[in-house]
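The sequence lines fix the lettering, A, B, ..., with proteins before strands; numbering per chain opens at 1.
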Amino acid sequence: MDFSAELVQWYQKNKRALPWRDTANAYVIWLSEIILQQTRVEQGMPYFYRFLEKYPDVISFAAAHEDEILKLWQGLGYYSRGRNMLKTARQVVGQYGGEFPVAYTELIKLKGIGGYTAAAISSFSSDEPRAVVDGNVYRVLARYFGIEEPINSNKGKKLFQQVADEVLDKDHAGLHNQAVMEFGAMLCKPKNPDCAVCPLRNGCYALQHNKVSILPQKLKTVKIRERFFNYFLITDGDTLLMNKRGEEDIWANMYDLPLIETAGYLTPQEIMNMPATAAAFGKNIVMVGASRPKKHILTHQHIHAQFIQIEPAGGEIKYQSGWLRTGIKNLKNMAMPKIIFLFLNNFFNL
DNA sequence: AAACCGGGGCT
DNA sequence: AGCCCAGGTTT
């Protein structure tokens with residue numbers, strides 16, 4: 001038996017009796033699908049009943065006031081779903097004569113209906129062969145077929161939709177779609193799936209390769225640090241003060257300039273007034289120039305750098321670890337981050 | 001591609 | 001505390 005047939009057989013034996021199943025009424029299916037977006041069945045169920053009782057068809061829904069919809073939606077979260085539903089209901093009444101669309105290409109045009117919901121409504125109401133891809137489908141496909149592409153990358157989304165379309169039973173699209181999702185929700189759960197009793201265990205890549213717990217893969221959004229580097233340009237004849245960076249941070253072991261990092265942006269004058277500046281370079285220093293802030297973008301960090309030229313270069317400087325005086329003619333042999341090289345190259349005409 | 005939207009259950 | 005839920009819209 002193939003993938004789809006196994007799932008459907010499992011589904012027919014184990015499915016929950018849910019009030020929006022066994023209906024072809026696109027309005028009712030739409031109501032349930034919007035409510036169930038990012039929402040557990042148990043949480044959405046009472047709302048579904050309340051909405052259906054108060055608005056038994058799209059005509060009555062479209063006639064509601066937004067305040068009434070939002071009040072009935074209260075506690076469910078993602079309140080734009082309720083507002084979008086009202087827009088869509090009114091559009092269905094105005095443009096489709098109150099006949100809720102069942103074609104994917106029409107449904108996808110409506111507010112609050114994306115690819116998943118359009119596929120769900122069209123397949124459930126008219127068996128249009130469109131594969132649904134939701135959180136459950138990602139999980140089932142990733143595990144069974146061993147797909148390691150992250151589900152939240154553009155490449156991954158395309159790939160999973162493609163695989164879902166390939167395994168779809170096009171003659172029984174609605175049944176197939178419901179089966180995959182129910183299977184993902186009830187058996188192939190995110191944590192502690194019931195692999196021991198799974199009808200697909202023999203063909204499951206993740207189970208055979210001990211990868212159930214790591215699939216599906218998801219790209220975690222790396223938070224970008226905003227950092228503010230205040231560099232000091234201190235020349236003395238044909239030399240300048242440089243800094244060899246340590247092992248820990250970005251640009252490890254490369255050269256930049258003496259640096260005071262701040263938590264946020266400060267103007268050059270504010271930097272000059274900081275006690276840390278006087279402590280490093282002496283009390284009698286004077287700012288003789290400053291660059292505009294420059295932004296340098298790294299994968300995980302945005303560096304906001306500015307260059308402040310100070311004088312005199314006298315003996316008050318307390319050399320910190322890594323600082324060294326270098327001949328300007330040596331600069332061309334020193335490895336520097338691009339933002340430093342660009343500045344020095346421009347300043348000294350290297 | 002990432003931010004934003006939300007309450008609630010599970011581990 | 002972090003992940004996930006029958007995702008979609010906006011920037």
Enquirer: For the pair made of CZ in A:Arg139 and P in C:dC5, what is the distance, rounded to whole Å?
Expert: 5 Å
Enquirer: Does A:Lys111 reach a base, just sugar-phosphate, or nothing at all? Heavy atoms under 4.0 Å.
Expert: sugar-phosphate
Enquirer: Look at A:Arg83 and C:dT9 and indicate whether a side-chain polar atom (N or O) is within less than 4.0 Å of OP1 or OP2.
Expert: no
Enquirer: Against A:Trp30, only a single residue in A:Trp20, A:Phe61, A:Tyr55 fulfils ring-ring contact (aromatic ring centres under 6.0 Å, His included); can you say which?
Expert: A:Phe61
Enquirer: Testing A:Tyr138, A:Phe160, A:Phe3 for ring-ring contact (aromatic ring centres under 6.0 Å, His included) with A:Tyr144, which one passes?
Expert: A:Phe3
Enquirer: Can you tell me the distance, in whole Å, between the CD1 atom of A:Ile34 and the P atom of B:dG6?
Expert: 15 Å
Enquirer: Side chain of A:Asn192: nearest nucleotide among C:dC4, B:dT11, C:dA6?
Expert: B:dT11
Enquirer: What's the closest nucleotide to the side chain of A:Glu33 if the choices are C:dT9, C:dA6, B:dG7?
Expert: C:dA6
Enquirer: Expressed in angstrom and rounded to an integer, what is the separation of A:Tyr138 atom OH from C:dC4 atom C1'?
Expert: 14 Å
Enquirer: With rounding to whole Å, what would you report as the distance between C:dG8 and B:dG8 at their P atoms?
Expert: 22 Å
Enquirer: Starting at atom NZ of A:Lys15, determine the distance to atom P of C:dA6, rounded to an integer number of angstrom.
Expert: 18 Å
Enquirer: Nearest to the side chain of A:Asp134, which nucleotide is it out of C:dG7, B:dG6, C:dC5?
Expert: C:dG7
Enquirer: Indicate whether OP1 or OP2 belonging to C:dG7 is found under 4.0 Å from a side-chain N or O atom of A:Gln38.
Expert: yes
Enquirer: Between C:dA6 atom C1' and A:Arg81 atom CZ, what is the distance in whole Å?
Expert: 11 Å
Enquirer: Out of C:dC5, C:dA6, C:dG8, which has the shortest distance to the side chain of A:Thr117?
Expert: C:dG8
Enquirer: Looking only at atom C1', what distance separates C:dA6 and B:dA3, rounded to whole Å?
Expert: 23 Å
Enquirer: Whole angstrom is fine here: how far is it from OH in A:Tyr78 over to P in B:dA3?
Expert: 14 Å
Enquirer: What is the nucleic acid contact for A:Gly115, judged by heavy atoms within less than 4.0 Å: base, sugar-phosphate only, or nothing?
Expert: sugar-phosphate
Enquirer: Do A:Phe307 and A:Phe343 have their ring centres less than 6.0 Å from each other?
Expert: yes
